[in-house]
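Before any comments, here is the structure.
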4 protein chains.
Amino acid sequence: MRADAARNRARVLRVAREQLAAGDDSLQLNTIARLAGVGVGTVYRHFPNRHALLEALSAERFQQLVDEARAAAAAEDALAGLHRMLRFSLARALDDPGFAAVLESSGDSEARTSVMKAELDGAVTELLDRARRSGAIRGDIEADDLRRLICGIQHAVRSGDGTSRYAELYLDVLIEGLRPAR
Amino acid sequence: MRADAARNRARVLRVAREQLAAGDDSLQLNTIARLAGVGVGTVYRHFPNRHALLEALSAERFQQLVDEARAAAAAEDALAGLHRMLRFSLARALDDPGFAAVLESSGDSEARTSVMKAELDGAVTELLDRARRSGAIRGDIEADDLRRLICGIQHAVRSGDGTSRYAELYLDVLIEGLRPAR
Amino acid sequence: MRADAARNRARVLRVAREQLAAGDDSLQLNTIARLAGVGVGTVYRHFPNRHALLEALSAERFQQLVDEARAAAAAEDALAGLHRMLRFSLARALDDPGFAAVLESSGDSEARTSVMKAELDGAVTELLDRARRSGAIRGDIEADDLRRLICGIQHAVRSGDGTSRYAELYLDVLIEGLRPAR
Amino acid sequence: MRADAARNRARVLRVAREQLAAGDDSLQLNTIARLAGVGVGTVYRHFPNRHALLEALSAERFQQLVDEARAAAAAEDALAGLHRMLRFSLARALDDPGFAAVLESSGDSEARTSVMKAELDGAVTELLDRARRSGAIRGDIEADDLRRLICGIQHAVRSGDGTSRYAELYLDVLIEGLRPAR
DNA sequence: AATGAATGAGGGTTCATTCAT
DNA sequence: GATGAATGAACCCTCATTCAT
């Protein structure tokens, strides 16, 4: 990729991220192009449609999650690692509703997304298995369930006032609910 | 209300319900008018905006929930009543995503909705209080939290394949998470 | 006319006048009906269309103008009477742009309007003739020209800030312009 | 500006001018787009609203007026220049009611219009000042008053049959009215 | 590779007028 | 006579996407 092309791509991604963070989830490509100081055509060259842009935006966050999951999997205490992982995921999903949408979706339009999702689920499955072996986690919940549940929690938090008070509380409900039945 | 007005209103509501059930949540007033065989103006007369229509659609389901909550509150066992109530709420929210949207929203545009929400929360609060006194429910969760959490669970179930297998599982996670910390 | 019909007609006229006075010249029959506390159908029964309402509104003012013109024609000093008449006409036209529209229009849709216009022009013609005989007014201006010129002045005043400063000034320009050429 | 953009802009302006000339002052952007053979979006890109289009239409005529006013100001006889200027303005306003609307309006939406208006008023003020010094014009009338009065006269002429007989006559009334009081 | 003007389907909403009640 | 619900043409404007420059 030419240097200017790469720079433009990065600009577009940055602006798109800022827009989402500012609460505008319409992600209008014309607007993004203007704010990024490039033509619309350039945006379309890099991202054939809105969804491709969303997925590209998610890729970076996905990588963070994978890294976090692997770090957690490498830690001594699997349960603590899992909790850390869940808290981290929720925070990222709250940061970026677009990312949450990709995280919970089952049909990805870019192969890369599916790959990262598989990697994430793989790392989380390891964590879950270890935590389960020590009796800390119920047996009927899998990595993809956790992805969906975290997004559900994100949804609930967002429909309140979105403050961390709700995030902590609802996350705690989830965490308690993951224990084996008494 | 005049007979023809009532008939048109009912038609519009029926069509809107069908649209939502068919997975189209755009709820376009022109489209609905056409399908209902009435003029657009008629739709606008009855429902000044999309949200008003959504709320009207929800009113009936809301009443069901209020009835259920009161029945549960009247029952002997508060915890069992609460669980029944949660299961019922989740089922209704899964039936109708529009209803879920109104259920979790904090800003209602029709006073009637707020009234019903308050009635619902009142009945659930009674249930919660009784269940709490018997030590079965954690102390930091209120009726509005439950509304949001159920909608979050609905969201998670829907992002899976929406089958009752997920509904049962995720609901159980929520229910377990509502117990007092061990 | 039945008493209630007359009462409704009067109400509609009153509300329409208030609307115009408030600067809303859209004269929406639905709005007027609502404000008057009658059904739209009732408004339509009395006034088949917007224009009919406008003309009805003008009738009363027209009568005032005719009265004023006759009073002026009866006075000793024709020129002073004419000036008084012009000032009065301008004030009424500024009060009510709808009236100004009827006043300047050449095609009336109600016979009654044409009759009053003829009466007005008749009285003004008398004034003009007398003033002309004493050499105070140029010979090439007729009553209908005066109607149009007053409405033109009203237009000019309105496009300024509409204050009486402009009204006085522009009226004075007109009055001076009506003298015989030097 | 790109060649095609300029071509489209010109087409839109031409069609709009034709519409106005044909007596349709509604200036509907969809209609204009269709007649101009361009998409609605193109019209909106060039002219965000009706008024912007009107002002653009007026720009050319405005320039003519400014030129005329300057030519008149350069002439020997200020009064003759002023009269020529008034006659010219009235003719342009009668040609194009849209232009008249912009000419008399006090709130411009495009800076360019305000600039041209200021230029026009500046040139006319010079004329007025010179004519006043020779005692030919009353002292209480300014350039903006003249703009409004000309538009008022245009209004009056138009409400007659619009022929030049009225134009000449009413303009003469105005011109006579601008002399100092006897 | 970049640009941004153009497109036009598509959705929104209003309101003069009719007509069933 | 009165009512006001219903009508639907008509207008508004946006924005995802294409393609000439």
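Per chain, numbering begins at 1; letters A, B, ... match sequence-line order. As a basis for the values below, the full set of heavy atoms in this structure was taken, side chains included, without hydrogen atoms, waters or symmetry mates. No experiment lies behind these values; they were computed from the predicted model shown.
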Results of salt bridge (Lys or Arg N to Asp or Glu O under 4.0 Å) for [X] - residues two or more places apart only:
X        : result
B/Arg112 : none
A/Arg147 : A/Asp121
C/Arg50  : none
A/Arg17  : A/Glu60

Below 4.0 Å from chain C heavy atoms, what is the first contacting nucleotide of DNA chain F and what is the last?
F/dG1 to F/dA5
Applying ring pair (Phe, Tyr, Trp, His ring centres under 6.0 Å), can you list everything that pairs with C/Phe47, at least two apart in sequence or on another chain?
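Partners of C/Phe47 by the ring pair (Phe, Tyr, Trp, His ring centres under 6.0 Å) criterion come out as none, since no residue qualifies.
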For C/Phe62, which residues count as a ring pair (Phe, Tyr, Trp, His ring centres under 6.0 Å) partner, sequence neighbours excluded?
C/Phe99
Map every base of DNA chain F to its dot-bracket character, where paired means a Watson-Crick or G-U wobble contact with both distances under 3.5 Å and | marks a partner outside the strand.
.||||||||||||||||||||
Looking at side-chain heavy atoms only, is the closest gap between B/Val12 and B/Leu53 below 4.5 Å?
yes
Heavy atom of residues 2-13 of chain B under 4.0 Å from DNA chain F: which residues?
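Result for residues 2-13 of chain B: B/Arg2, B/Asp4, B/Ala5, B/Asn8, sorted by number.
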Most 5' of C/Val38 and B/Val38 on DNA chain F, judged by nearest nucleotide:
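The 5'-side residue here is C/Val38.
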Mapping D/Thr42 and A/Arg45 onto DNA chain E by nearest heavy atom, which one lands closer to the 5' end?
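Whichever sits nearer the 5' end wins; that is A/Arg45.
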Hey, which sits more toward the 5' end of DNA chain E by its nearest nucleotide, D/Gly37 or B/Gly41?
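Nearest nucleotide further toward 5': that of D/Gly37.
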Under the 3.5 angstrom rule, does the side chain of C/Lys117 hit a backbone N or O of C/Ser105 as a donor-acceptor pair?
yes
Once you round it to whole Å, what is the distance between C1' of E/dA16 and CG of C/Leu54?
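Between C1' of E/dA16 and CG of C/Leu54: 15 Å.
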Filtered N/O pairs between nucleotides 11-13 of chain E and protein, under 3.5 Å:
from: E/dG11; atom 1: OP1; to: B/Gln28; atom 2: OE1; distance (Å): 2.7
from: E/dG11; atom 1: OP1; to: B/Gln28; atom 2: NE2; distance (Å): 3.4
from: E/dG11; atom 1: O5'; to: B/Gln28; atom 2: OE1; distance (Å): 3.0
from: E/dG12; atom 1: N7; to: B/Asn30; atom 2: ND2; distance (Å): 3.4
from: E/dT13; atom 1: OP2; to: B/Tyr44; atom 2: OH; distance (Å): 2.6

In Å and rounded to the nearest 0.5 Å, what is the [atom1] to [atom2] distance from [X] to [Y]?
X        : Y        : atom1 : atom2 : value
D/Ser114 : D/Glu55  : OG    : CD    : 7.0 Å
A/His155 : B/Arg158 : NE2   : CZ    : 9.5 Å
B/Thr42  : B/Arg11  : OG1   : CZ    : 10.5 Å

Enumerate the residue pairs fulfilling salt bridge (Lys or Arg N to Asp or Glu O under 4.0 Å) with a member in residues 92-106 of chain A, sequence neighbours excluded, ordered by first and then second residue.
A/Arg61-A/Asp95, A/Arg61-A/Asp96, A/Arg92-A/Asp95
Applying side-chain hydrogen bond (donor to acceptor under 3.5 Å, both in side chains) to B/Thr31 and not counting sequence neighbours gives B/Gln28
